[in-house]
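Along the sequence shown, the residues carry numbers beginning at 1.
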Amino acid sequence: KPVVKVKPDQRVFRGERVTLTCDIQGGGDIQWRYRWIRDGNTVYPYTTSTSAEFSFTADRVSVSEYSCRGERSDSHTDSDAVTLTVSDLKSKPELTPDPAGAALTGNTVTLTCRMDPSTGNWDSYWYKHTLNPETEKKKTNSYSLKIDSVSDGGQYWCRAGRGKPVYYTQYSDALWVNVTVSPKAVLTVRPDERVFRGETVTLRCDIKWGGDTEWTYRWEIEGTNNQYKNTVSRTSTQELSISSVDLSHSGKYTCTGQIHTQSSQRSDAVTLTVSAEAQASVRVSPQPWLTEGESVTLICEVSGSSKGWTFSWFRDHDHLSDSSRGAGGSYTLSPAALQHTGVYTCRAERGRPAYYTHNSSSQTLWITGVSASVSLVINPSRSQHFSSDSLSLSCEDQSNSTGWTVRRYTDKDTQTCAKRTGSGCVMDSLSTSDTGVYWCESESGEKRHPRNITIHDGEVILESSVDPVIEGETLTLHCLHRSTNSPILSADFYKDGSLIQNQTTGEMNITTVSKSHEGFYYCKTERGQSLHSWISVRVRGQISVLKILSFLLAASPHLLATVVLLYKCYRARVSSAEDQSQYAVTEEETSI
């Protein structure tokens, strides 16, 4: 039995070309002749034809039924009728984007040219910015628009076509594609990119974007451990938290934000490095041996990490109640007092819950008292000396008391000077192992006047006073050469690593020294570089009322009236606004 097939569709528009085919299945090798019937009347050909196709242009609006008849010598067979509907108005497709709204660069927008499904199959023709020429022809009704830049935005149209020659629908309404530069995600890590095993790490993905858009987030991890290699995870929150990290969490982390099918720009990679358990260490500046009244700073550091730590300080294993002064990693004693002598350690912590480092190794601070009567005399009088040179040290006691001995502390131990001469010490041939702190010690164990002495086996040393410079006085430095032991003609002088003067005389003078001149100094010449020496600046002191009273009363009890008069004069000259601790007189002092 014949079957009528219609191209392009049973629903067409006026002006389209229509082809009817009379298909007889199982007819074998029989030579068929065909006749076409419309609404019960033969239309083509009026006599039978050997062609199974009947083509015509739908030139008028109509609804007609077509059938075909297959004839052979002794019989014929008729098909069922099919309805062909010819419409007058050209169809107009609908153009829609996915996703809707603004498009972000770096993403893809899918445009769909949607026809009424009852009108059959169509090819899609796409137009960008202008209706001529077409951008692209596609068999499907969708078009993937890759948004590389803002210039990819603008007006887009589509229309459908089918048949030969092509019959086109109307153009769709223009669709304006708005393109916005995609925001770049910013990845931050708390507490630091360098963390330690057991810490809690929080990664946060921030995207600067106006409006109330809710982003979801995509995390990518390029780990150093195979378990996390190229791991991808999604979360609806901005933060990715890892509790108790271990070494396997080390790697490069990136994040992107997503709105529906669109993504932000990927963040820069952040490398998370997880190390073994953290260890605090402590160092001292400028030196652990000092006289009361001077200043010293202890610095607590965590190897390999510097962010987010707070610090606790301990002296002789007791927590210091004022260790909040060390929150920045440093603990300053200014001025240092005798009771500050002790063994100091520190510990660092950060994060919530708190992660603690191990306690640092110990650092001993030794603060000795001020004694106007006992002083350590060094000859030659400087802090740096050449190896193989000789050096003598002695304790001078202005009160004529006896029993003071030169002692020293090197990197090995504490010891008495090996070659003694009375209360003095002579070293005939210095070596670098003689570098250390030297002081005077009494038979009862009192320690006074500690001084640093450095032995250098190089060619150049810095000549500077072993004693602190008094504020307002002149500081003189020389750059000495081993062969002459005299100033080198041309030398550069440095303070705390920065060049401060270039002198052709080998000598540098700083007049009117202030506390700001305190620091590490060294010199450099074409023959070599000296070691570093700490130059301490001491504020010029004032005689306290207590000392005046004590001295006068000890000299003669008959000078009591004079003492009272001096005290009243002193109090008259010091206003209450200038009342400082070194001038204050307590009831105990005035009752002497």
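- Looking only at side-chain heavy atoms (C-beta outward), I500 and Y494 stay at 4.5 Å or farther from each other.
- V186 has its side chain out of reach of S267: every pair of non-hydrogen atoms, C-beta onward, lies at least 4.5 Å apart.
- The two residues S264 and S182 make their nearest non-hydrogen contact at CA-OG, 3.1 Å.
- Remark: D434 engages R408 in a salt bridge, criterion side-chain N to carboxylate O under 4.0 Å.
- Put simply, the side chain of E199 gets close to the backbone of F196: a donor and an acceptor are under 3.5 Å apart.
- Defined by atom type and a distance below 3.5 Å, a donor-acceptor pair is present between the side-chain atoms of R350 and S305.
- Contact of the T202 side chain with the T188 side chain is not registered, since no non-hydrogen atoms from C-beta on lie closer than 4.5 Å.
- A donor-acceptor contact closer than 3.5 angstrom is absent between the side chains of S334 and T332.
- In this structure, a donor-acceptor pair under 3.5 Å is absent between the side chains of N452 and S383.
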Go through it in stages, so that I can follow the logic: the residues are F386 and I461, the test is side chain to side chain contact (heavy atoms under 4.5 Å, CB included), and I'd like the CA-CA distance, side-chain angles, deciding distance and then a yes or no. CA-CA 7 Å; F386 290 112; I461 63 172; 3.4 Å; yes
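- Side-chain N/O atoms of S533 and Q384 include a donor and acceptor closer than 3.5 Å.
- Between R266 and E220 there is a salt bridge, since a side-chain N of the basic residue sits under 4.0 Å from a carboxylate O of the acidic one.
- Judged by distance alone, with hydrogens and angles left aside, the side-chain atoms of E518 form a donor-acceptor pair with the main-chain N or O of V537 at under 3.5 Å.
- Using a 4.5 Å cut-off on side-chain heavy atoms (C-beta onward), F311 and Y331 make no contact.
- Side-chain contact between Y438 and L376: present, with at least one pair of heavy atoms (C-beta onward) separated by less than 4.5 Å.
- Between the side chains of Q501 and D492, no donor N or O sits under 3.5 Å from an acceptor N or O.
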Run L272 and V195 through side chain to side chain contact (heavy atoms under 4.5 Å, CB included) and show every step you take. CA-CA 8 Å; L272 183 67; V195 293; 3.9 Å; yes
Side-chain donor-acceptor distances from residues 520-528 under 3.5 Å, at least two apart:
{"residue": "Y521", "atom": "OH", "partner": "H517", "partner atom": "O", "Å": "2.6"}
{"residue": "T525", "atom": "OG1", "partner": "R527", "partner atom": "N", "Å": "3.0"}
{"residue": "R527", "atom": "NH1", "partner": "H481", "partner atom": "ND1", "Å": "3.0"}

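- Using a 4.0 Å cut-off between charged side-chain N and carboxylate O, R190 and E239 make a salt bridge.
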Side chain to side chain contact (heavy atoms under 4.5 Å, CB included) between R283 and E301, worked out: CA-CA 8 Å; R283 59 186 175 89; E301 298 169 316; 3.2 Å; yes
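- When all heavy atoms of T256 and A185 are compared, the closest pair comes out as CA-CB, 4.4 Å.
- Screening I242, T271, V189 for a side-chain contact (heavy atoms from CB on, under 4.5 Å) involving Y253 leaves a single residue, I242.
- No more than 12 heavy atoms of other residues, nucleotides or ligands sit less than 6.0 Å from atom CZ of R194.
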Going through the distances and angles, do F493 and E507 end up as a side chain to side chain contact (heavy atoms under 4.5 Å, CB included)? CA-CA 9 Å; F493 290 88; E507 176 182 295; 5.7 Å; no
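- Contact of the Y355 side chain with the W309 side chain is registered, since non-hydrogen atoms from C-beta on lie closer than 4.5 Å.
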Validation: residues 466-473 side-chain donor-acceptor distances under 3.5 Å, sequence neighbours left out:
{"residue": "D467", "atom": "OD1", "partner": "H449", "partner atom": "NE2", "Å": "3.3"}
{"residue": "D467", "atom": "OD1", "partner": "R451", "partner atom": "NE", "Å": "2.8"}
{"residue": "D467", "atom": "OD1", "partner": "R451", "partner atom": "NH2", "Å": "3.1"}

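- For the pair L391/I378, a side-chain contact is recorded, criterion being any heavy-atom separation below 4.5 Å from C-beta on.
- R538 places a side-chain heavy atom less than 4.5 Å from the side chain of E294.
- Side-chain contact, R482 with S387: a donor N or O sits under 3.5 Å from an acceptor N or O.
- A salt bridge does not link K208 with D206: every distance from a Lys NZ or Arg NE/NH1/NH2 to an Asp or Glu carboxylate oxygen is 4.0 Å or more.
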